[in-house]
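Only one structure is covered here, and it is reproduced in the block below.
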Amino acid sequence: MFIVQGEGRGHMTQSISIYNMLKKAGHRVSCVLIGINPHREIPDFVKQQIEAEIVAFECPGFVMDAKIKAVKLLPSVVKNIFRLGAFMNSLRSIHRKVKEHKPDLIINFYTPLAGLYNFLYRPSVPMVCIAHQYIYLHPEYEFPAGKVMDKIAIKVYTRFTSMGAVKRLALSFYPISDYKKLSVVGFPPLLRKEVIAQEIKDGGYLLVYLVNSGYSEEIINWHKKNPGVELHCFTDKKSLDGKYDDQLYFHQLNDKKFLQRMAQCRGLVSTAGFESVCEAMYMGKPVFMVPVQGNYEQYCNARDACKTGTGMYDDTFNIDRFLNYLPTHKQNPAQFRQWVNSAEEKIAEQLYSVGIASN
């Protein structure tokens, strides 16, 4: 059984990768529980690619500012406190599904209620946690300087999501040793077969991924000053869909179309979500990362990814900097691809080590 964090696309695409690996090895995923904000829906690409019962439950989430650009931490905490009743219902829903399906293993993709469920209900089923964020629990991980309280908060929250877990698989841009004290295992990014199968070209345009639609205004303003640069932007803002002019195009979030565009772009301009950056790294595409304001995870991701030579970061969508950088970009994706391609063998090893029988 999977329990998946439904904010953003990263944890959901990782669950699809694990689903395909398990299915290939002869295992069955009987149920996928996805924690989402009540104002969001489970994306179609998840329903299309996972053949199992898929159930949504209400899960804690962030509050964004009026422009849908920055995370507002205090309002997020307050809002989630007032939703505690709904979250208790979600815990009971998770428990009902565990009793109904009787899984041999629960895999948690960074869902806080899964950690709380494991602590309160103490199921006999072992839980393995998978997410990039578990690297924050590793003593070798180098956090950016400053923001001490953010660092403490993210480590506490990450421990909370994985209470009682038998293993924590920490997805990483690069190989890192295991940390046995907290059962943290350095693990490759989980990229789907659709990423690996893409034919790589340079179509001359820039691909823009706006996980928060509020940033579209920045892109449009930059485009007006630089009308000669072709941009293809993916956003969930339904009022932005189609051709803005001859050089600027907006597309609704579509996973297949997004990967095809990435495979043929000159470079990716994006917020600093782990999954999209890894997809670009695998394709050898330079990345310009703009962390979502107030999102410490993305702040860390941007700085960590730049250590691998994947690109650059900034606080705003100052694409001029990225255009100046592109002629100097040098990155050989071969080593990263080798790391990613080892995931299937490693996942079998890790799951079998907790008692899931091999075929």
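Owing to the predicted nature of the structure, the values given are computational and were not obtained by experimental measurement. FYI, the numbering just counts along the sequence from 1.
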**Request:** Go through Asn324 and Arg321 one step at a time and tell me if the side-chain hydrogen bond (donor to acceptor under 3.5 Å, both in side chains) criterion holds.
**Result:** CA-CA 5 Å; Asn324 293 333; Arg321 286 192 62 214; over 6 Å; no

**Request:** Could you check Asp245 against His223 for side-chain hydrogen bond (donor to acceptor under 3.5 Å, both in side chains), going step by step and ending with a plain yes or no?
**Result:** CA-CA 10 Å; Asp245 60 27; His223 166 70; 2.6 Å; yes

Could you measure the distance from the [atom1] atom of [X] to the [atom2] atom of [Y]? Nearest 0.5 Å is fine.
X	Y	atom1	atom2	value
Ile219	Tyr244	CD1	OH	12.0 Å
Leu323	Arg266	CG	CZ	6.5 Å
Leu171	Gln14	CG	CD	5.0 Å
Leu210	Glu218	CG	CD	9.0 Å
Glu51	Arg28	CD	CZ	12.0 Å
Ser15	Ile50	OG	CD1	4.0 Å

**Prompt:** Which heavy-atom pair separates Ala52 from Cys31 by the least distance, and what is that distance?
**Reply:**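 Smallest heavy-atom distance, with atoms named: CB-N, 4.2 Å.
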
**Prompt:** So which heavy atom on Ala343 is nearest to which on Met21, and how close?
**Reply:**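 Smallest interatomic distance, heavy atoms only, reads CB-CE, 4.0 Å.
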
**Message:** Here's a test for you: under ring-ring contact (aromatic ring centres under 6.0 Å, His included), which of Tyr313, Tyr209, Phe322, Trp222 qualifies with Phe288?
**Reply:**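 Exactly one option meets the ring-ring contact (aromatic ring centres under 6.0 Å, His included) with Phe288, and it is Phe322.
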
**Asked** Does a sphere of radius 6.0 Å around CD in Gln338 hold more than 12 heavy atoms from other residues, nucleotides or ligands, not counting ones at 6.0 Å or beyond?
**Response**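 Open.
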
**Message:** Atom NZ of residue position Lys225 - does it have more than 12 heavy atoms of other residues, nucleotides or ligands inside 6.0 Å?
**Reply:**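 Not more than 12 within 6.0 Å, no.
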
**Item:** Hydrophobic cluster membership, Phe160 vs Ile152, 4.5 Å side-chain cutoff
**Value:**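 In one cluster with Phe160: Ile152, no.
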
**Prompt:** Less than 6.0 Å separating the ring centroids of Tyr136 and Tyr134?
**Reply:**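 Not close enough - the centres of the two rings lie 6.0 Å or further apart.
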
Taking [X] for the side chain and [Y] for the main chain, is one N or O donor matched with an acceptor at less than 3.5 Å?
X	Y	result
Arg261	His232	no
Asp178	Lys180	no
Asn318	Asp314	no
Thr308	Asp304	no

Using atom types as modelled, flag every donor-acceptor pair under 3.5 Å from a side chain in residues 109-121 to any protein atom, sequence neighbours excluded.
unit_1 : atom_1 : unit_2 : atom_2 : d
Tyr110 : OH     : Thr158 : OG1    : 2.9
Thr111 : OG1    : Ile3   : O      : 3.3
Thr111 : OG1    : Gln5   : N      : 3.1
Thr111 : OG1    : Asn108 : OD1    : 3.2
Tyr117 : OH     : His95  : ND1    : 2.9
Asn118 : ND2    : Met163 : O      : 2.9
Asn118 : ND2    : Gly164 : O      : 3.3

**Selection residues 184-206 - residue pairs positive for side-chain hydrogen bond (donor to acceptor under 3.5 Å, both in side chains), sequence neighbours left out** =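 Non-adjacent pairs meeting side-chain hydrogen bond (donor to acceptor under 3.5 Å, both in side chains): Arg192-Asp255, Arg192-Glu279.
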
**Prompt:** Is there a side-chain contact between Trp339 and Phe187, using heavy atoms and a 4.5 Å cut-off?
**Reply:**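 Not touching, per the 4.5 Å side-chain cut-off.
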
**Prompt:** Can you list the steps and then say if Ser177 with Glu140 is a side-chain hydrogen bond (donor to acceptor under 3.5 Å, both in side chains)?
**Reply:** CA-CA 8 Å; Ser177 63; Glu140 294 179 18; 2.7 Å; yes

**Message:** Please verify the inter-ring angle class for Tyr249 with His251; under 30° counts as parallel, over 60° as perpendicular, anything in between as tilted.
**Reply:**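 Taking His251 first and then Tyr249, their aromatic rings lie parallel (interplane angle under 30°).
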
**Prompt:** Checking Arg303 against Tyr299: charged group under 6.0 Å from the ring centre and within 45 degrees of the axis?
**Reply:**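 The answer is yes, since Arg303 meets both limits relative to Tyr299.
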
**Message:** The criterion is salt bridge (Lys or Arg N to Asp or Glu O under 4.0 Å); which residues satisfy it with Glu100, sequence neighbours excluded?
**Reply:**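 Only Lys97 meet the salt bridge (Lys or Arg N to Asp or Glu O under 4.0 Å) criterion with Glu100.
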
